[in-house]
Amino acid sequence: MENHVLARFRNKFWFLICVLFVLWYFLLYGFDWSSLSVVSFVSQNEQENSLQALASNSISRSGDTKKQEDFDESLDSDPIPESQENPVSNSFPESNVTVFSDVNHKQENVTVTDHERRATEHDGIEDLAALEKELEPLLPKEEGEERNVVEKPRAAQKSCDGRYIYVHDIPSRFNDDYIKQCGLMNKWHDMCQYFVDGGLGQRLGNPRRLFQPTGWYVTHQFSLDVIFHSIMKQYECLTSDSSMANAIYVPYYAGLDVSRYLWDSYSYSVKDSDAHELFKWLRGKPEWNVMGGRDHFLVAGRITWDFRRAINDDSGWGNNLMLLPESQNVTMVTIESSPWDQNDFAIPYPTYFHPSSDEQVFAWQNKMRKQKRKTLFSFAGAPRPNMEDSIRGEIMAQCTAVRRKCRMIECKDEKHNCLKPVNLMRLFENSVFCLQPPGDSFTRRSTFDAIVAGCIPVFFNPGSAFVQYLWHLPKDYDSYSVLISEEDVKQKKVNIEGVLSRIPKSKVSSMREEVIKLIPSVIYADPKSRLKKLEDAFDLAIRGIIGRIESLKKEMREGRNSSAEFDPESSWKYYTFGTTEAHEWDHYFKRPRGIHY
Ligand SMILES: *[C@@H]1O[C@H](CO)[C@@H](O)[C@H](O)[C@H]1NC(C)=O
Ligand SMILES: *[C@@H]1O[C@H](CO)[C@@H](O)[C@H](O)[C@H]1NC(C)=O
Ligand SMILES: *[C@@H]1O[C@H](CO)[C@@H](O)[C@H](O)[C@H]1NC(C)=O
Ligand SMILES: *[C@@H]1O[C@H](CO)[C@@H](O)[C@H](O)[C@H]1NC(C)=O
């Protein structure tokens, strides 16, 4: 009996040992730890859903489940699309989750590792960062961080006096409805992906650690109409009383309007019709009659030449928005202005960087300061074999000739290298100088991508930046850039590598530091969360626009008319230097003959 009990006890004992061993073994080796993360994925999805519900401005897109295809990441304001071939697929996230809170340094580092671990696994990268940002208020903060948070919100810091803006409530047919027609805007690929998140586009994530975990988007170069309006909706000095406004904003998406009609043949009256209708609508408003629209402004995210069709012929390019009588009174803001006209002013092209805090900008600037730059100069772009005057062929030949000192991404190649922000930013981040030859027009988006990457821009024509971005770039051109004469390159009188390698090291360092300091001025911060200490491109644009409108008001009070005081052909000189006297740059601004814009 005793033996029997003992045996049973022993059996139980060994059974228990066995069970414990099996448990222990599983704990050590067998248990799939990753299955635990199921919990976090579930909560993440919930988070996403609630965020999506909150997300403003997100639009439904036709190809949501489709992999994002190539971006028209043309570097130039290039009216000619690179190619009609099948786009390459790539792995950028599809999410339109919106992020509301600020980032702090500690959080950022946590995000980097988590984020990148997931990035290698699958494409849904961005959500985790968004989740962490959302949870941030709940997460413990480091003590040191609190010390920096003494700053008051900007609205409390800075008075709104002198910078009130009234926004016209125009019918949606002049803005939001264009976004719904995004499928029409470019027949070679889907533009709709670029209008999510208030025009910032899809999240870029941090592929190859070239960027930061948050704040980077696949932004299209022609998205500024939408981005500007998104930021304006959050502007701290909006007023509903137009009589106390310092400026009146017309949120017409002129760039999107005209882009519907650029590629197929439309009659000129179709191309022009919305611009005419808009002005008809505006003229019917009491706000217009106060000053004949001279206190109004609008922002068109395309180059001025898309709005200056001088001939009434169906084959003419673009519409005639900028030539209409009303447009002579309204301050027209574009990404490239005409050197020969008085009524438009340029502000920077959007880049991929849309930070949501000052700290994020500072961290990026520091990253660019430390960046190793092994390439002396680089160029990303396409040749212009059909443009007799283009210096691009010569520039590309010189680049090839100096081998390792110059790197190039040629946009004509089948791999669509120029369509990928990763390729471009990697090139610019690794270069000391970035060449910015004119393309179909004076300016290029690439100039601003290069500045963001801390790469010193090399211009060949002052029309590419110096006489354009008067509110954003310093007058002291030599402090942050190099100008090599376009004419000298054309005549093969200049060796670019020679010029650049002769610049002393100390001068190069100081120029690069100036470029890095310019970064905040050329980026459009995330509309959902404005910077507190730094002024971004939007802030500088508002200051410039209001300054311009103030001077028009002053003129009217004094019965003057500055437009009559100088020849429009010399506008570039008048606006840049305040005079129209002969200038050493005159030869750059001979109006090309035979071109009907
Ligand atoms: C983006 O938002 C739209 C509209 O809110 C929604 O229909 C779509 O599913 C969202 N896409 C993703 C990838 O979350
Ligand atoms: C975060 O990253 C920065 C820059 O790489 C580094 O200086 C800092 O020590 C890191 N912070 C933490 C908490 O890891
Ligand atoms: C432009 O402004 C002037 C001065 O206020 C005004 O006389 C003129 O009618 C305006 N033009 C248009 C088209 O409204
Ligand atoms: C100012 O002068 C320009 C050029 O002569 C003219 O087109 C414009 O109508 C004038 N504006 C006003 C308000 O008189």
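One-based numbering, in listed order, for ligands and for the atoms of each. These numbers come from the heavy atoms of this one structure, side chains and all, not from hydrogens, waters or symmetry mates. Numbering of residues begins at 1 and proceeds along the displayed sequence.
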Measuring to protein heavy atoms, does anything land under 4.0 Å from atom 14 (O) of ligand 4?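 Within 4.0 Å of atom 14 (O) of ligand 4, protein heavy atoms are found.
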Heavy atom of protein inside 4.0 Å of atom 7 (O) of ligand 4, strictly below: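 Neighbour list for atom 7 (O) of ligand 4 is empty of protein heavy atoms (cut-off 4.0 Å).
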Which ligand 3 atoms does [X] reach within 4.0 Å, using its non-hydrogen atoms?
X	value
M291	2 (O), 5 (O)
M556	4 (C), 5 (O)
W288	14 (O)

Are the aromatic ring centres of W572 and F566 under 6.0 angstrom apart?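 No; F566 has its ring centre 6.0 Å or more from that of W572.
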In terms of side-chain geometry, is the basic nitrogen of R560 or E558 positioned less than 4.0 Å from the acidic oxygen of its partner?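 The answer is yes: the pair qualifies as a salt bridge.
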R530/E236 ion pair, N-O < 4.0 Å: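 Answer for the salt bridge query: no.
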Looking only at the side chains, is there a donor atom on one of D241 and T239 sitting less than 3.5 Å from an acceptor on the other?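 Note: D241 and T239 side chains miss the donor-acceptor criterion.
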Does one side chain, of E535 or S521, offer a donor that lies under 3.5 Å from an acceptor on the other?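 Result is no, nothing qualifies.
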Identify, for [atom], the protein heavy atom at the shortest distance, and state residue, atom and that distance.
atom	result
atom 12 (C) of ligand 4	N561 ND2, 3.4 Å
atom 3 (C) of ligand 3	N329 ND2, 3.6 Å
atom 5 (O) of ligand 4	A564 CB, 3.9 Å

Can you name the one residue among T334, D341, D344 that meets side-chain hydrogen bond (donor to acceptor under 3.5 Å, both in side chains) with T304?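 Only one of T334, D341, D344 forms a side-chain hydrogen bond (donor to acceptor under 3.5 Å, both in side chains) with T304, namely D344.
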